[in-house]
Number of protein chains: 2
Amino acid sequence: MGVTITENQPVERRKKIAKILEEKANGLCPVHDFLIHFANKWSMLVVLNLGYAGSPRFNELKSRVSGISQRMLTVTLRSLEEDGLVTRQLYPEIPPRVEYQLTPLGKSLLDVMMGLGEWAAKHEAEIAKARKKFRSRHAD
Amino acid sequence: MGVTITENQPVERRKKIAKILEEKANGLCPVHDFLIHFANKWSMLVVLNLGYAGSPRFNELKSRVSGISQRMLTVTLRSLEEDGLVTRQLYPEIPPRVEYQLTPLGKSLLDVMMGLGEWAAKHEAEIAKARKKFRSRHAD
DNA sequence: CGGTATCCTTGGAGATACTG
DNA sequence: CAGTATCTCCAAGGATACCG
């Protein structure tokens, strides 16, 4: 009882981080492997918009994800599909209809993405302020 | 009372996502703005390792972040410093000693990063399996 | 030790045109 | 409608050499 819970928190945290950063057989840690496929401009935005829209069609999604090109939406969706995060449902009508949807795995990712998104929304102004300050201090 | 809590969850979720994806004055939503500075190969790994190591020196950090080059560690640290997530403490000794540390803002980001990291660690195998399956189905 | 300064390569991503 | 197919470009990032 000589150690309080608050003093234990950093220890627990370090253990968790250690597990996340532990190298696997391929020489990469889980995060690194994740980033290789996910550190890009559009994946997170597409996941969030799929979470919002439910089962949107291709062009529905395209108009929702502001600024994305047709090509990059295709590429991003294929990548998400490959990772098992998204399903692609084709209805062979004329003209064809295609609906995209998050898998259960994709929805679980959506939850942590929302955590990141909420952090970004909450601290946006603070970061902008820090940047401005940094630049004024390093301006020559 | 006609609507259960579980039926309300998607509604609440949509509200949250809507807020995250809401466009600001600069024409970007918080997530998009965040990604512009953060969707890269190293930032997340550096934040996690700073969370693990506490106040590491430059080369300490370099040896911890497996695979990073000296240049990219410098670039990444400067970017994190600019965003107010990391402090750089120089001790003017000979040879010089420099310690990096997460700011309170950086620590709050660490928490959500850990959420993402734990997700990645937990579902790594499932994703690898999905990829393999996808490739075998699309092999011609 | 903790960086800069260059040079160079690669692939992420945009623009445009075409198609089942 | 929902994509391919190309072409192109630029910047992220790696390699190497030098420096206070």
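- When all heavy atoms of B:Ser66 and A:Glu23 are compared, the closest pair comes out as OG-OE2, 3.2 Å.
- Summarising the geometry, the separation between CZ on A:Arg88 and P on D:dG3 is reported as 5 Å, rounded to the nearest angstrom.
- For B:Lys19 and A:Glu118, the salt-bridge test fails: no basic side-chain N is under 4.0 Å from an acidic carboxylate O.
- At the phosphate of D:dG3, OP1 or OP2 sits under 4.0 Å from a side-chain N or O atom of A:Tyr100.
- Between the CD atom of B:Gln89 and the C1' atom of C:dC1 there is a distance of 16 Å, given to the nearest Å.
- For the side chain to side chain contact (heavy atoms under 4.5 Å, CB included) with B:Leu110, the qualifying choice from B:Leu85, B:Leu48, B:Leu105 is B:Leu48, the only one to do so.
- Distance from the side chain of A:Met72 is smallest for C:dG14 among the nucleotides D:dG13, C:dG14, D:dT4.
- Among C:dC1, C:dG14, D:dA17, the nucleotide with an atom closest to any side-chain atom of B:Asn59 is C:dC1.
- Of the candidates C:dG14, D:dT4, D:dG14, the closest approach to any side-chain atom of A:Ser69 belongs to C:dG14.
- When rounded to the nearest whole Å, the span between CD1 of A:Ile36 and C1' of D:dG14 equals 15 Å.
- Summarising the geometry, the separation between OH on B:Tyr91 and C1' on C:dG2 is reported as 15 Å, rounded to the nearest angstrom.
- Here the side chain of B:Arg57 is nearest to one of C:dG14, D:dG3, C:dC1, namely C:dC1.
- Note on B:Arg78: a side-chain N or O is less than 4.0 Å away from OP1 or OP2 of C:dT4.
- Whole-Å rounding puts the A:Ile68 CD1 to C:dG14 P distance at 8 Å.
- Distance, B:Ile94 CD1 to C:dG3 P: 16 Å, rounded to whole Å.
- The side chain of A:Lys41 has C:dA13 as its nearest neighbour among D:dG3, C:dA13, D:dC1.
- Among A:Arg135, A:Lys133, A:Lys132, the one residue that satisfies the side chain to side chain contact (heavy atoms under 4.5 Å, CB included) test with B:Glu82 is A:Arg135.
- At whole-Å resolution of the value, NE2 in A:His32 and P in D:dG13 are 10 Å apart.
- The interatomic distance linking B:Leu35 (CG) with C:dG12 (C1') rounds to 14 Å, in whole Å.
- Taking the nucleotide of DNA chain D with the nearest heavy atom to each of A:Val98 and B:Gln70, the more 5' of the two is matched to A:Val98.
- Out of C:dG20, D:dT4, C:dG2, the shortest distance to the side chain of A:Pro96 is found at C:dG20.
- Under 3.5 Å, the side chain of A:Arg71 and the base of C:dA13 form at least one donor-acceptor pair of N or O atoms.
- Here A:Asn40 does not reach the OP1 or OP2 of C:dG12: none of its side-chain N or O atoms lies under 4.0 Å away.
- The aromatic rings of B:Phe34 and A:Trp119 stand perpendicular to each other, their planes meeting at an angle above 60°, with 30° marking the opposite boundary.
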